[in-house]
Structure formats: C-alpha cells, structure tokens
Amino acid sequence: KGKQLDNSTSQLTADRVAAVIDRNYRAFAHYNSQRLHITAELAGPQRAQLLELVPFLFHVNDRAFPGYVPEWNDNTGVHGFKQSHALRDLRRSLGWKEGAGTGLRGQPKIVSIASIGSAGTQAQTDKSDFDLWIVCRSGTSKGEYALIRRKADAIRTWLRTYIAELDINFYLATPRNVKRHVFGEVSDDSAGSALGTLLKEEFFRTCTIWCGQVPLWWCLPAEVSSEEEYLAWRQMLDRLDMPVAQNIMDMGTLVHSTPPQFLSALLWQTNKSLASPFKSLLKLSAVNRYAVEPDGKLLAERLRANVLLN
C-alpha cells in the first residue's frame, strides 16, 4: 500500500491505480451495456435473438450446435461467458438440447468478442452489417487459430440460413497482435501501416464488448496517452491483485499516424468509396481531420474522456 513505481516520470501509488481502474472499468461497463441495448433494439426482435446466440455458439463445442469442431474434446470457451435465462428460453425455442454443458476444463481460447463500427450507435440501421472481432488468447497456435476460423465460418453460415440478409462477419485477432498493430485478417480494408494505427483507433472508439475482456486503454485516465504512461499503469496493475484485472486485456495504447501514412489511407479509402461511398466518406473525414491536426486529440480519446467523466 502506497508503494511507488521506480519510474521518474510518474508518481503512481497502488491505491490510486486500483481505485481509478476499478472506477473506469465500471464506467465503461455501464456505457457498454447501453450500447448492447441499443444494438438489440435497432436490430429488431429476430436479429437480436440470433445475435444473442453468438457468444454461446463460440463458447460451446458440441456436435448438437452450429460451429462444432471435432478436433477439440472440450468447449472452446469465451472469457466471462454466462448463460442467461433469456438464452435458455431461446435454446428451448430452437429445440436445442437442454443438457449441453457450458463448463470449461482449461483456459478459454477466446478472451473477448467485440463489434466494431456502427453497431450500437445512431448510425445503425436494419441493413447495417455486424463486424465482430473474435479476440483469441495471445499465444494461440496456428492450428488452433485455423480451427477457430473454421468454427466462425460454420456459425456465420448457420446464422445466414435463418436470415439470409444478415450481414455478419467474424475477424480473428489477439491482444498481442493488436498491440503491435498487426491485424492479419481484420485488415481486409488495409492501407499498410496507416491502417494499423487508424483501425486500432476505430476499434477503441466504436467497440462494443459482447462478451469477455475490456481493453486496458478504456480503464485508464483520459490524460494517459503516451506509451510511457500506459506502460507505467500496466506495470502497476500487474503487481496488484485486483479481481477486475482478469476482465482486462492489454491491447496497448493509441499512437498518431504520420503524414505519409495518412496519404496512403486517404488513397485507399478513395478507392474503397467506389463500392461503399457513405462509409468511406465518414472514414475519409476522420483521416482528413487527423492529417490536418496531427497533434490533436484523437476521436477515441475525446470519447473516452466523455464516457469516464459521466
């Protein structure tokens, strides 16, 4: 108690770190629950029910359910998954067996399921797509990654048999890769290294956690922005025995892109606008703002400040 970091750039005490992270985690959880409510409300009853099944289908690994992977003799596991009464009722309505266990012998292979983009905002419509990041545990082997990819494809196919127009996509990532701005398959809209920083900013700004861990960045004070400050807080958190720490993932902090990277992103989004003009216009506007004000506050930073303030 009262122990300080051996870091001349900060005066962090264990008490302060514990109090701030716990408070900010709760603030984000409240904000996130509101986003989830809006997502379900705007999706409509039928779509909302199907979307509620997503964490369950990724968590279990049973031949009775879509997404079964025979190579595993245990559930896949999604961190923090709990079966609600509403989900049990939904399973009954689909005629799914009641006794399927949701227990897990080892660690969950998936630490978080989160949407990115318009879901849970005023921009969501009945035609909106749902882009979900399936965040696998850092250190996931290539073989396990491939099996989770196969599971995701099977779940997506099953969902579309119920609603053909349901545009839902699953992208695999790990906290370690996001921290390094290495996005792999989530970078389908990539623009080289520029997309790495911009995509990470978009994820922090628009993410809704459907199940699992929350980015540590969201639990830190709004004034913490540099990598040095972020590292100091993370190191202190690692030393503390906080129950909430198990619900937090380290995806790193945000960094500003450079002018050449902005140019690459602008050119890429201009090309993408041929297929999706409205979405590209929004992204072009954000990129242009960052290019004009390279040292200004990122939109994600402004949002975090407002959420934590309220």
Side-chain angles (χ1 to χ4, degrees), residues 25 28-29 31-40 43 47-62 65-69 72 75-84 86-87 90-91 102 104 107-121 124 128-138 140 144-145 147-160 166-179 183-186 188 199-200 202-218 246-251:
Y25 174 83
F28 176 80
Y31 163 73
N32 191 72
S33 67
Q34 292 178 317
R35 292 279 303 274
L36 286 172
H37 176 75
I38 294 171
T39 299
R47 289 188 181 210
Q49 285 187 327
L50 287 178
L51 295 176
E52 188 175 356
L53 286 170
V54 170
F56 168 76
L57 293 176
F58 273 100
H59 179 80
V60 299
N61 189 47
D62 188 304
F65 304 123
Y68 173 62
V69 177
W72 284 328
N75 285 330
T76 314
V78 177
H79 179 87
F81 174 81
K82 293 181 180 178
Q83 189 166 209
S84 65
L87 180 56
L90 180 56
R91 283 175 55 182
T102 58
L104 195 65
Q107 289 186 321
K109 295 177 174 63
I110 296 170
V111 297
S112 191
I113 296 178
S115 61
I116 178 176
S118 62
T121 72
Q124 181 184 335
S128 290
D129 58 353
F130 295 92
D131 291 335
L132 270 68
W133 284 18
I134 309 302
V135 185
C136 306
R137 184 174 298 280
S138 293
T140 299
E144 288 183 320
Y145 218 71
L147 292 176
I148 296 173
R149 175 72 269 164
R150 201 169 83 201
K151 184 179 185 71
D153 291 342
I155 292 172
R156 181 178 185 271
T157 298
W158 180 83
L159 290 170
R160 289 174 65 85
L166 180 61
D167 190 357
I168 187 167
N169 304 290
F170 302 123
Y171 301 102
L172 272 56
T174 68
R176 182 184 301 162
N177 283 344
V178 174
K179 185 175 183 177
F183 291 96
E185 62 175 59
V186 303
D188 287 347
L199 184 58
K200 186 174 178 177
E202 181 184 357
F203 177 73
F204 281 3
R205 171 168 42 88
T206 67
C207 69
T208 303
I209 308 299
W210 289 29
C211 185
Q213 295 177 335
V214 171
L216 172 59
W217 180 87
W218 262 106
Q246 66 180 341
N247 297 323
I248 294 173
M249 56 183 168
D250 178 12
M251 288 183 155

- Between I38 and T121, does a side chain to side chain contact (heavy atoms under 4.5 Å, CB included) hold up when you go through it step by step? CA-CA 7 Å; I38 294 171; T121 72; over 6 Å; no
- Look only at the side chain of R137 and the backbone of V111, and say whether a donor-acceptor pair between them is shorter than 3.5 Å. no
- Query: When you measure from the side chain of Y171 to the backbone N and O of F183, does any donor-acceptor pair fall under 3.5 Å?
  - Reply: no
- Item | Under 3.5 Å donor-acceptor, H79 side chain and Q246 backbone | yes
- Quick one: list whatever passes side chain to side chain contact (heavy atoms under 4.5 Å, CB included) with T39, sequence neighbours left out. A119, Q124, F130, W210
- Item | Distance in Å, K82 NZ paired with L87 CG, rounded so as to fall on 0.5 Å steps | 14.0 Å
- Worked check of side chain to side chain contact (heavy atoms under 4.5 Å, CB included) between T76 and L147: CA-CA 10 Å; T76 314; L147 292 176; over 6 Å; no
- Short side-chain donor-acceptor distance under 3.5 Å, R35 and Y31: yes
- Give a yes or no answer on whether the side chain of S112 reaches the backbone of Q213 with a donor-acceptor pair at less than 3.5 Å. yes
- Given side chain to side chain contact (heavy atoms under 4.5 Å, CB included), test I155 with L53 step by step and report yes or no. CA-CA 10 Å; I155 292 172; L53 286 170; over 6 Å; no
- Do you know the tightest heavy-atom contact between N32 and C207? OD1-O, 4.4 Å
- Within 45° of the six-membered ring axis of W72 and under 6.0 Å from that ring's centre, is NZ or CZ of K109 located there? yes
- With F58, which of F65, W133, F81, F170 fulfils ring-ring contact (aromatic ring centres under 6.0 Å, His included)? F170
